[in-house]
Trainee: 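Before anything else, here's the structure in question.
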Amino acid sequence: MHRKHLCELKVDEAARALLGQQLVRILTDGSRLKGKIVETEAYHETDPAAHTYNGKTDRNAVMIGPAGYAYVYFVYGMHYCLNVVTGPEGTGEAVLIRALEPKEGMDVMQQNRSLQAKTPGNMCSGPAKLTQALAIDRQFNGHDLRSSPLYLKEGKPVADTHITRSTRVGVRSGASTPWRFYIKGNAFISKP
DNA sequence: AGAGCGATTGCCT
DNA sequence: GGCAATCGCTCTG
């Protein structure tokens, strides 16, 4: 996934394009954690479910900035969620990463998940599960996703015929917008 | 200044 | 299936 694509594609197209790409996290002890993106959701400032719907605030500023950066927000008093900022600078659009298929460092991911994840299928199958597994918190808000210790790596694109779309999970307003995308039949998505 | 609530998860019945 | 945990952002007064 090149930055060029992230700023030129419409956000729902970017959400599709991010499927199959790899997310890599390098820990300070040198551990390398990697997962393939298998589920995403698109958010756009014209959409009532988006954090940017009511304009710019301190919290959502990164989402309105340039594409290719991480927008990490804190929710429910305990969880972090990771978004990839997309679109031209000045518009508030981003793609929420909802699930990863673990590829490297699963032992460390399991420790980061407080041993709550006993199986690979429960390691990164949710937006807050994967941030826990990859130790992603607010320090990565505004981080350039081209650079270590957290970056996107080119993966095999997923053909549209292998992508399923549905409505987004957990949103109230904008609930009918079918902007959740996942790899058809993949065992690592958040909800079967 | 303070109430209300959220792009969730895991435990309990 | 229901609900608590837990905190900071947002909006109202």
Side-chain angles (χ1 to χ4, degrees), chain A residues 6 10-19 21 23 35 37-65 67 69-87 91-102 106 109-143 145 150 163-183 187-192:
Chain A
L6 287 175
K10 293 182 190 300
V11 67
D12 55 318
E13 295 168 345
R16 290 172 176 273
L18 280 164
L19 293 176
Q21 309 304 307
L23 183 65
I37 298 173
V38 297
E39 178 181 347
T40 58
E41 283 180 0
Y43 289 86
H44 188 272
E45 63 185 20
T46 56
D47 150 28
H51 289 167
T52 44
Y53 183 61
N54 289 314
K56 185 176 181 177
T57 64
D58 287 343
R59 176 208 203 191
N60 66 25
V62 171
M63 189 170 160
I64 298 171
Y69 285 76
Y71 168 48
V72 178
Y73 68 91
F74 184 62
V75 73
Y76 293 121
M78 65 190 82
H79 297 306
Y80 294 98
C81 294
L82 170 68
N83 294 255
V84 177
V85 177
T86 68
T91 60
E93 34 192 302
V95 174
L96 173 69
I97 307 302
R98 282 195 59 90
L100 301 175
E101 179 176 332
M106 293 177 53
M109 289 186 194
Q110 185 164 350
Q111 290 170 24
N112 290 342
R113 292 265 290 127
S114 309
L115 304 179
Q116 288 165 340
K118 299 286 193 285
T119 64
N122 194 33
M123 204 76 72
C124 300
S125 54
K129 291 181 183 178
L130 70 92
T131 55
Q132 199 176 52
L134 300 197
I136 296 168
D137 61 19
R138 73 176 83 248
Q139 80 176 94
F140 287 102
N141 189 38
H143 173 77
L145 288 171
L150 179 67
I163 297 174
T164 300
R165 70 156 42 188
S166 76
T167 55
R168 294 169 295 185
V169 177
V171 299
R172 299 172 76 90
S173 48
S176 63
T177 305
W179 270 7
R180 171 180 179 236
F181 304 93
Y182 58 91
I183 298 177
F188 299 89
I189 64 172
S190 66
K191 308 206 172 182

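Bear in mind that the values here come from a model prediction, so they are computed numbers and not experimental data.
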Trainee: Does A:T52 or A:N122 map to a spot on DNA chain B nearer the 5' end, using the closest nucleotide for each?
Mentor: A:T52
Trainee: I want to verify a distance call: between B:dT8, B:dA7, B:dT9, whose nearest atom is closest to the A:N83 side chain?
Mentor: B:dA7
Trainee: P atom, B:dG2 versus C:dT6: distance in rounded Å?
Mentor: 23 Å
Trainee: In whole angstrom, what separates A:K129's NZ from B:dC11's P?
Mentor: 11 Å
Trainee: How many whole angstroms separate atom CE of A:M123 from atom P of B:dT8?
Mentor: 21 Å
Trainee: With a 4.0 Å limit, can you tell me whether A:R172 has a side-chain N or O closer than that to the phosphate oxygens OP1/OP2 of B:dC5?
Mentor: no
Trainee: Extract, from 5' to 3' on DNA chain C, the first and final nucleotides lying under 4.0 angstrom from some heavy atom of chain A.
Mentor: C:dA5 to C:dC11
Trainee: Please determine whether a side-chain nitrogen or oxygen atom of A:R113 lies at a distance below 4.0 Å from atom OP1 or OP2 of B:dG10.
Mentor: yes
Trainee: Under 4.0 Å, heavy atoms only, any strand: does A:A128 hit a base, just the sugar-phosphate, or nothing?
Mentor: sugar-phosphate
Trainee: Rounded to the nearest 0.5 Å, how far does OH of A:Y73 lie from CG of A:N60?
Mentor: 12.0 Å
Trainee: I need the OH-P distance between A:Y80 and B:dG6, as an integer number of Å.
Mentor: 20 Å
Trainee: Taking atom CD1 of A:I97 and atom CD1 of A:I136, what is their separation to the nearest 0.5 Å?
Mentor: 9.5 Å
Trainee: In whole angstroms, how far is the P atom of B:dT8 from the CG atom of A:L96?
Mentor: 8 Å
Trainee: Just to be sure I understand the rule, does A:R59 reach a base, reach only the sugar-phosphate, or reach nothing, if contact means heavy atoms closer than 4.0 Å?
Mentor: sugar-phosphate
Trainee: Atom NE2 of A:H79 to atom P of B:dA7: distance rounded to whole Å?
Mentor: 13 Å
Trainee: Below 30° counts as parallel, above 60° as perpendicular, anything between as tilted: where do the rings of A:F74 and A:Y80 land?
Mentor: tilted
Trainee: Identify the heavy atoms of A:T52 and A:M63 that sit nearest to each other, and give their distance.
Mentor: OG1-CE, 3.5 Å
Trainee: Using the P atoms only, state how far C:dG1 lies from B:dA7, rounded to an integer number of Å.
Mentor: 22 Å
Trainee: Can you name the nearest heavy-atom pair linking A:L19 to A:E39, along with the distance?
Mentor: CD2-N, 3.5 Å
Trainee: Is there aromatic stacking of A:Y76 against B:dG6, centre distance under 5.5 Å, plane angle under 30°?
Mentor: no
Trainee: Measure across A:M123 and A:M106 and return the closest heavy-atom pair with its distance rounded to 0.1 Å.
Mentor: CE-O, 4.0 Å
Trainee: For A:L23 and A:L82, work out which heavy atoms get closest and say how close.
Mentor: CD2-CD2, 3.7 Å
Trainee: Describe the nucleic acid contact of A:N54 in one word from base, sugar-phosphate, nothing, applying a heavy-atom distance below 4.0 Å.
Mentor: sugar-phosphate
Trainee: Atom NZ of A:K118 to atom P of B:dG10: distance rounded to whole Å?
Mentor: 10 Å
Trainee: Work out which heavy atom in A:L18 is nearest to a heavy atom in A:I37; give both atom names and the distance.
Mentor: O-CB, 3.5 Å
Trainee: Which string of ( ) [ ] | and . matches DNA chain C, if you list each base 5' to 3' and count Watson-Crick or G-U pairs only when both distances are under 3.5 Å?
Mentor: |||||.||||||.
Trainee: Rounding to an integer number of Å, can you tell me how far A:K191 NZ sits from B:dG10 C1'?
Mentor: 12 Å
Trainee: Taking B:dG10 as the reference, what is the distance to C:dG8 when you measure between their C1' atoms (whole Å, please)?
Mentor: 22 Å
Trainee: Of the options A:L6, A:D47, A:T86, which is the one that meets A:E93 in a side-chain contact (heavy atoms from CB on, under 4.5 Å)?
Mentor: A:T86
Trainee: Say you draw a straight line from CG of A:L130 to CG of A:N112; how long is it, rounded to the nearest 0.5 Å?
Mentor: 12.0 Å
